[in-house]
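All figures in this text were calculated on a predicted structure; none of them were measured in a lab.
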Amino acid sequence: MTKQVQQLERVIIRFAGDSGDGMQLTGDRFTAGTAEFGNDLSTLPNFPAEIRAPAGTLPGVSSFQLHFADHDILTPGDAPNVLVAMNPAALKANLSDLPRGADIIANTDEFTKRNLQKVGYAVSPLEDDSLAAWRIHSVPLTSLTVKALEGFALSKKDAERSKNMFALGLLSWLYHRPTEATIQFLETKFAKKPDIAKANIAAFQAGWNYGETTESFSVSYEVKPAKLAPGVYRNISGNQALAYGLIAASVQSKLPLFLGSYPITPASDILHELSKHKRFGIRTFQAEDEIAGVGAALGASFGGALGITTTSGPGVALKAETVGLAVTTELPLIVVDVQRAGPSTGMPTKTEQTDLLMAMYGRNGESPLPIIAPSTPSDCFDAAVEAARIAVKYRTPVMLLSDGYLANGSEPWKVPDAADLPDISTEFASGPNAEDGVTFLPFKRDSETLARPWAIPGTAGLEHRIGGIEKAEGTGNISYDPDNHDRMVRIRQAKIDGIAHDIPALEVDDPDGDARVLVLGWGSTYGPIAAAVRRIRKAGGKVAQAHLRHVNPLPANTGEVLRAYDKVLLPEINLGQLALLLRARFLVDIISYNRVRGLPFKAEELAGVIQDVIDSE
Amino acid sequence: MTKQVQQLERVIIRFAGDSGDGMQLTGDRFTAGTAEFGNDLSTLPNFPAEIRAPAGTLPGVSSFQLHFADHDILTPGDAPNVLVAMNPAALKANLSDLPRGADIIANTDEFTKRNLQKVGYAVSPLEDDSLAAWRIHSVPLTSLTVKALEGFALSKKDAERSKNMFALGLLSWLYHRPTEATIQFLETKFAKKPDIAKANIAAFQAGWNYGETTESFSVSYEVKPAKLAPGVYRNISGNQALAYGLIAASVQSKLPLFLGSYPITPASDILHELSKHKRFGIRTFQAEDEIAGVGAALGASFGGALGITTTSGPGVALKAETVGLAVTTELPLIVVDVQRAGPSTGMPTKTEQTDLLMAMYGRNGESPLPIIAPSTPSDCFDAAVEAARIAVKYRTPVMLLSDGYLANGSEPWKVPDAADLPDISTEFASGPNAEDGVTFLPFKRDSETLARPWAIPGTAGLEHRIGGIEKAEGTGNISYDPDNHDRMVRIRQAKIDGIAHDIPALEVDDPDGDARVLVLGWGSTYGPIAAAVRRIRKAGGKVAQAHLRHVNPLPANTGEVLRAYDKVLLPEINLGQLALLLRARFLVDIISYNRVRGLPFKAEELAGVIQDVIDSE
Amino acid sequence: MSSGTELSVPGTGGGLSLVPKSEVKLGMKDFKTDQEVRWCPGCGDYAILAAVQSFVPELGLKRENMVFVSGIGCSSRFPYYMDTYGFHSIHGRAPAIATGLAASRPDLSVWVITGDGDSLSIGGNHLIHALRRNVNLNILLFNNRIYGLTKGQYSPTSEVGKITKSTPMGSLDKPFNPISLAIGAEASFVARTIDSDRKHLQSVLREAAEHRGTSLVEIYQNCNIFNDNAFEQLKDPERRDDITLRLEHGRPIASASKAVRRAADGGIEVVPRSSVSEDEILVHDAHRVDPSLAFALSRLDEPAFEHVPIGVFRSVERPSYDELMAEQLQEAVDERGPGDLNDLLLGGDTWRIG
Amino acid sequence: MSSGTELSVPGTGGGLSLVPKSEVKLGMKDFKTDQEVRWCPGCGDYAILAAVQSFVPELGLKRENMVFVSGIGCSSRFPYYMDTYGFHSIHGRAPAIATGLAASRPDLSVWVITGDGDSLSIGGNHLIHALRRNVNLNILLFNNRIYGLTKGQYSPTSEVGKITKSTPMGSLDKPFNPISLAIGAEASFVARTIDSDRKHLQSVLREAAEHRGTSLVEIYQNCNIFNDNAFEQLKDPERRDDITLRLEHGRPIASASKAVRRAADGGIEVVPRSSVSEDEILVHDAHRVDPSLAFALSRLDEPAFEHVPIGVFRSVERPSYDELMAEQLQEAVDERGPGDLNDLLLGGDTWRIG
Ligand SMILES: Cc1ncc(C[n+]2csc(CCOP(=O)(O)OP(=O)(O)O)c2C)c(N)n1
Ligand SMILES: Cc1ncc(C[n+]2csc(CCOP(=O)(O)OP(=O)(O)O)c2C)c(N)n1
Ligand code: SF4
Ligand code: SF4
Ligand SMILES: [Mg+2]
Ligand SMILES: [Mg+2]
């Protein structure tokens, strides 16, 4: 049988199954193959907060979405072209996201009476008309896998476990993915259990062959490699990029990295990643709680390390008091907040942008600090280096606001050459700095940056004491003098505000230069906004786009940019937090678009919103 | 010798001495006498963070300022008419606040070489010309006291201790204060040590007599009683009024009060006060830290108590995570923040308004809560009752933002009759609330207030579970449904926003109705702003005044009020925190006036600022 | 319930003496909720849940007067599955929240459910303070020696050298022994049991519930996903009877093959049972006021799993915090009568105008 | 110092072996700052400050390699008066901050100064975790059994029934015994001394400094303003020698009139010295690995002040956290060479375009 091959520009597939079905691994492997093939891509894992919710239930569904294309893309995609549903729960949980006409590959073996009941299907949807709008491929994935592995000395249960590899094989066939890397991967992963390795490889190949032979699939698809900028690429998730950025910052600042952290979803993987790289002189300290984590990081900073703490929303709340101490003692510190849905425990595995105002104001007293927000998974690398640059140069804690979407999402990353990374090293104080030539003044400032000297223990002659009580300008001695306090409050603010002159201007993307509507964003909404803007332009609309990475202080030209447009639309996954800051500062009537669903925006949704704003002009 | 008696409308006196000199007690007694006499008054204690800094040093100076008048007054006064300086440090620390021509009563005995040196006086200022601009009364207070107590079986050191009572006697003579109450007070205070009581009384009387006889004082002053609204009055400090308000709230809500608190300046006195009143069924729990304090209060609320926690800035930061839990579980809770100078430890005994944005936003996720700020010491009573009303009615944590100035300052308070206090009681859920008549839905809301039912343990049939994870509307079951989350985020916000319709409109004081400039304030700046406004009007200027007690949500007419004026001036003891909220919400170009000195504004200073704004019209 | 003082039921007695009794006989099913249980298949938490659900009816309490408060962790999901009042709070804070609840409501039977991370890492301080205060709580510490919910980092009870996601070269810090820590924190009731032995678990729960004050029960719990077989030795039918030293008040401390006795130097030691006569074997005294011997018993399981005492290490009477608090309230009323708001507001120096 | 790995000095040995020695001989005045000391006249903190300032030169360390870290409280003002590096941090967090410092800088001698409220109330968790980790810190816990700085509320070491501003009818909660708590938390070095006995204080500091790992030294300190004479019995020349039981390794534990011996039931007890022969008196063994006896000694001061052990309860060797951490870093380098950034970034699956 010769099969038809169809060319596509882009495809969105979603693997969905039970938490125990290995969907994340399947997605990761498909991603790796796709990356190797040279498509541009973007991924969106989505999994429950429970380790393993009861099998077959809706809360137990875990999914992985991948968008790949022959051109550069910006998001993991709104609506899947293909859903792989490993059981009825996976079908039910994901169906509403599927556009009509999409393909559904359903593992019929799991559509048992019991499993159907678990999710409230009276009749199997594969057997009534309810799925008529979609193209159903009923595949008995489990039994095909078991059959394919008959020759292996495996229990049935063990054999069944490989069904995700069968599915991967089938999808790899369907989209012409290279297979060698996956085979190699399985060999390495199960190096100690060669039987398991072989079984998984066999399942994978069986899946491929099934596609090749079955009539259920008459067409396969090709998506040409994308024309990306030349260079060496790898696929990278936000958490990994962020961890690498921190390591790079340590190398480029020549400061030993000290991480004080307490595990919390979705930030834990940064701790995990950093703890692997002790060869870089990196110390990772799993503290007893978030307070101890940031405390230890600050203590290490006092000792001359690049002190870092990583956490998520509730953890940031706990660190507030110590971050305030860092503000007033003016020591470098990086506080990474991988935002997740709140308030309180909220929805730990879901994404959100709701911590911005906490990052700005969540401390007693006037305690300003810089805030930096990466815009894509790979941008987490650069944002981390930039956070370190500012922390070290200005002797200040810096908040790095990632989120659950960036953390777990991935995309191809053009790997930079270490030689091209900025030198962000600093000098420790080494001698007296007072006019008298003998005294050391720990709070005498650099006239340009307003940064104070960083004198670390072990430096003879610079012994000094710092603390959380208000300090006299210069000497740093305890001071309750009212005017000194007013001055210090203003100097601390001025130091942070001054960073505006040390960061790039806000760039506007407005190809024809005649748009009247500006869409502004910050952080992880970059992809969906940019994709929406593309759609508008493709349809002939005019819209300008700008994206803030430095959220505090804002680039010096921000006001100018905002005022240059009739309307400014600001989509945020919160109730309007950046909008509040911009409105207050520039008195510009920003139009907010807010949806707080624990999920990234969809490009289509935003395109609609943008169009509405344009139309209302 | 017959002495002249002069009539005055108002007087500001400041007692200043070493921390060990008993200045706070002296001030308190003078205040009590003044209150009894019927003047209106306002006080401002000011003391170091150290328990007892080294004797004779500048950081060791403790002072107490009292403003009293024959008419209603609004502040403790800008510039003292009289300074009692118990030692050179007290003179030096306070001199810059004294207007030319003011009286200085200096305790010459303490102007020894050693004491002068301690504060850097080469020559005694009493003996050179440096004090020519003031009227100096050199009085050997210590030795006069010792002499007066010669007949008592006291060591010299013990006798010297009574010098503050000698000073009090002298000042009481100078301003015609009644003496009986002070004598009675000393008898009660030292009931167990009658010798000490007698010695203090003798010193007090000797001071009085000294005034009567010495030539150093040729004039004494009378300040007639003020014409206040009829009623029974007492003098009350902000912390005491706040504690009483909480007790009244417990009585009026019929809910047992549970306080979970950890000591911290300047909030500790609320804990101390409440712990005295166990007869009201009040439980005070000194927790191991601020987190446990608020946690226990929330646990008690869950159990049906009026849960309260009291703290100051750094403590609020620590409580943030638990307050977020209260927001999402929608339980009543009152969080009292007696703001002090920050960031970090800052200046613990000094006042500031810098926690407003932390109160608004210092939690992860969208977690809105109401904020109430009392305006004067006695207003802390009403504000506390109002906080409880809202917490109980809307099942929400409420932030009550007092500050160091209100906490320790005092003023006469017209004591309300308990019968006139609002009934703020609520009903616990007692049975099913679902349409089916059998189910209890812990997150089904009152259609008007959007409050959920409060079902407390012990109520049969309403067993249910709550928690920090996102909840499904109605059932309260754990829900990760994206749309449910978006809805819940908005409902929680709407519930708080809706309170705007349940609070009084913002009132504007604009006697002639033709002012073009509005001065707006919130919290403890009320007195200085109102006093400044009076000055402007007295001088023929036009200015309107409005003051916000409900800072979140804002009264429904706030925007209207702001837009009705050409200019809105907003003085704040921070860098413009309320201004940020108002600018963002109403896009009104609020003019901020900010001074962050750890001290309340002076009326004169504000009058100048207001005048400048008027002039720039 | 309508006013402040009505909640202030003072009293003394057993752990449950102030909690109203159910008029009807309740069964296990009365304590099950309609919520799907969301632990991994095979998790030890299931066994504990079943043990608790089948045990609590025996207490004969009104269901509505029982409250389960938890922190965050796999184990802390527990309250959702108990058809009583429940509060799934935030990480580490359950003892604090439960303290406020129990201190203000002596008529409740309050249970805290917590994990080794929840109670000993982030919540360590609240735990030790609850213990010294002796608030009327039953704290069930599910010790799986790992962070389950965050997918397998080492915990404060993980053994040194533990290889986990956050410690790829092995953990460095010496673990807490929860029993030693609790005794050092002045605990009045301390016990240990294991998920797999329902009978023992329930017998310990029984004593804990009856104890008035804070009862700490460490429950060895298997996390089959991230730390499987952590307590295998105690489950292995071949070995468990040998290495388990059951602590029963008034009974000699010994396993099938081992016995505890006073050592020559005055300490205690484990010796082959055959080497000692029965009356040389140390008799367990859980009610001893001096905690030193209970502490010594808590050290017996070093080296790990050679001999592991389980049961009630210590159970001594001490007034509970809520009782003392209620007494002070009563005393204040007895001495000066119930509070009167007008009197309070008018107290101190007043003057009249007009 | 210029790069990451240079800070990672691995090593073992005594508490000070990695700290550079001063080339010049320093004296007490070298450790005094120009800051005015701001405690109340008569406060026990003065005596401790003087004792520390006159003791530290003896260590022979470079002044710039000593750091004093404190929390908040009267006692926590201490670092301002020591002319070394200093960090007056926030309430309760000094052990955490010092942990980061000490773990990343094994070349420093790090001292934590804390009060009973700072370390046992808000900071209790950090304290017990520092102890189990055995970070190389010397923690001096100034125990005045009261909150000084906030003007006199009861603390976690105040006796039951304490009448303070926050407990007008008396406190309810049983205090911690800091020694018992520390031993329960796996402390490797635990000692107690008193502000008024400079010689003893300094001898304990000496041992603490030499111990590598966390040394906890409880110092009874008089707060003459809010809790005067809390330790009067130990200062009263008439009684102190009778009630003080000095713990000295290898020496019998006894005071002028009292002696400690093994009781018949195996515990330990205090008896009149005259009632026992010298060789019946328990000989102190601070180095015993099993902490049970040290724990039992910590319970001897109940009832309070009848007989109070002072000195080093426990001092056992265990690798310190910073050493272990440094070793892992070294091992990682030894095994795979120092990290290379390009290798790291390129690691995993890459592909080339263009
Ligand atoms: C403030 C805060 N920090 C961290 C977390 C993440 N977190 C959730 S549970 C947990 C540890 C769970 O371990 P354990 O208490 O032993 O419970 P288990 O899951 O093993 O039952 C952590 C670190 C959180 N939810 N909140
Ligand atoms: C977060 C926080 N909570 C509370 C306080 C207030 N506070 C400062 S010191 C202290 C207790 C002091 O007691 P202790 O540690 O025993 O020290 P001492 O003053 O007795 O030496 C408290 C409660 C604070 N500064 N910060
Ligand atoms: S991760 Fe471990 S503790 Fe958590 S539910 Fe699964 S098996 Fe149980
Ligand atoms: S209050 Fe007490 S502890 Fe604090 S300085 Fe004064 S005497 Fe010392
Ligand atoms: Mg665990
Ligand atoms: Mg103390």
Side-chain angles (χ1 to χ4, degrees), chain B residues 32 35-36 38 181 228-235 244 247-248 250-251 254-258 260 277-281 283 285 287-289 291-292 295-300 302-305 307 321-322 325 415-418 428 457-469 477-478, chain C residues 1-8 20 33 35 62-69 72 79-80 82-90 93 95-105 107-108 125-126 129 325 328-329 331-333 336-339 341-342 344-346 348-354:
Chain B
E36 191 196 340
L228 300 174
V232 176
Y233 282 78
R234 62 177 288 174
N235 193 54
Y244 283 7
I247 298 174
S250 166
V251 172
K254 303 195 184 69
L255 297 171
L257 193 163
F258 183 96
H277 302 290
K278 303 197 197 302
R279 304 194 291 148
F280 286 86
R283 287 177 161 80
F285 168 62
E288 58 271 25
D289 64 10
I291 302 176
L298 185 62
F302 180 66
E321 193 200 9
T322 307
L325 179 64
V415 183
D417 189 326
F428 295 129
T459 318
L462 306 194
E463 293 82 2
H464 67 285
R465 276 69 47 197
I466 59 173
I469 300 185
N477 289 338
I478 289 181
Chain C
M1 213 193 62
S2 64
S3 97
T5 36
E6 265 177 59
L7 278 181
S8 340
T33 65
Q35 298 296 296
K62 287 198 167 177
R63 204 164 53 121
E64 63 268 26
N65 285 65
M66 300 192 73
V67 187
F68 283 78
V69 181
I72 299 283
Y80 290 114
M82 292 296 300
D83 200 357
T84 62
Y85 282 85
F87 200 156
H88 179 220
S89 74
I90 45 178
R93 314 306 172 186
I97 291 172
T99 290
L101 180 63
S104 57
R105 293 286 306 270
D107 61 323
L108 302 178
N125 207 28
H126 308 306
H129 280 269
M325 206 175 220
Q328 283 198 339
L329 265 53
E331 201 182 312
V333 171
R336 305 197 292 143
L341 190 53
N342 275 324
L344 172 78
L345 303 185
L346 288 168
D349 302 333
T350 59
W351 67 94
R352 178 173 290 281
I353 287 181

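The candidate from B:Ala248, B:Gly458, B:Gly467 with the greatest count of non-hydrogen atom pairs under 4.5 Å with chain C is B:Gly458. Comparing C:Arg352, C:Met66, C:His88, C:Glu331 by heavy-atom pairs within less than 4.5 Å of chain B, the highest count is held by C:His88. Note: B:Ile466 leads B:Val232, B:Ile469, B:Ile466 in heavy-atom pairs under 4.5 Å with chain C. With chain C as the partner, the residue from B:Pro457, B:Gly299, B:Gly307, B:Ala460 showing the most heavy-atom pairs under 4.5 Å is B:Pro457. Taking chain C as the reference chain and counting heavy-atom pairs below 4.5 Å, the highest number among B:Ala418, B:Pro416, B:Gly468 is found for B:Ala418. Heavy-atom pairs under 4.5 Å with chain C peak, among B:His277, B:Glu36, B:Glu463, at B:Glu463. The greatest number of non-hydrogen atom pairs below 4.5 Å with chain C, out of B:Gly295, B:Ala181, B:Gly260, is found for B:Gly295. Chain B forms the most heavy-atom pairs under 4.5 Å with one residue out of C:Gln328, C:His126, C:Lys62, C:Arg93, and that residue is C:His126. When C:Pro20, C:Ala102, C:Pro79, C:Pro95 are compared by the number of non-hydrogen pairs under 4.5 Å with chain B, C:Pro79 comes out ahead.
Considering only heavy atoms from C-beta on, C:Glu64 stays 4.5 Å or farther from B:Thr459 through its side chain. Between B:Ile291 and C:Asn125 the shortest side-chain heavy-atom distance does not fall below 4.5 Å. Counting heavy atoms from C-beta on, the side chains of C:Val69 and B:Phe302 never come closer than 4.5 Å.
Within the 4.5 angstrom heavy-atom criterion, atoms from both the backbone and the side chain of C:Ala103 approach chain B. For a residue to count as touching a neighbouring chain, one of its non-hydrogen atoms must lie under 4.5 Å from one of that chain's; by this rule B:Leu325 touches chain C with the side chain only. Using a 4.5 Å cut-off between heavy atoms, C:Thr84 contacts chain B through its backbone alone, with no side-chain atom that close. Proximity to chain B is limited to the backbone of C:Met82, based on heavy atoms less than 4.5 angstrom apart. For a residue to count as touching a neighbouring chain, one of its non-hydrogen atoms must lie under 4.5 Å from one of that chain's; by this rule C:Leu346 touches chain B with backbone and side chain alike.
In this structure, CG in B:Asn477 is found 8.5 Å from CZ in B:Arg465, a value given to the nearest 0.5 Å. Between B:Phe258 atom CZ and C:Leu101 atom CG the span is 9.5 Å, to the nearest 0.5 Å. Between B:Glu321 atom CD and C:Ile90 atom CD1 the span is 3.5 Å, to the nearest 0.5 Å.
Considering only residues two or more places apart in sequence or on other chains, B:His464 meets the ring pair (Phe, Tyr, Trp, His ring centres under 6.0 Å) condition with B:Phe440, C:Tyr85.
For the side chain to side chain contact (heavy atoms under 4.5 Å, CB included) criterion with C:Leu344, the lone passing option out of B:Val415, B:Ile247, B:Val251 is B:Ile247.
Taking all atoms of both residues into account, the shortest heavy-atom contact from B:Ser250 to B:Leu257 is OG-N, 3.5 Å.
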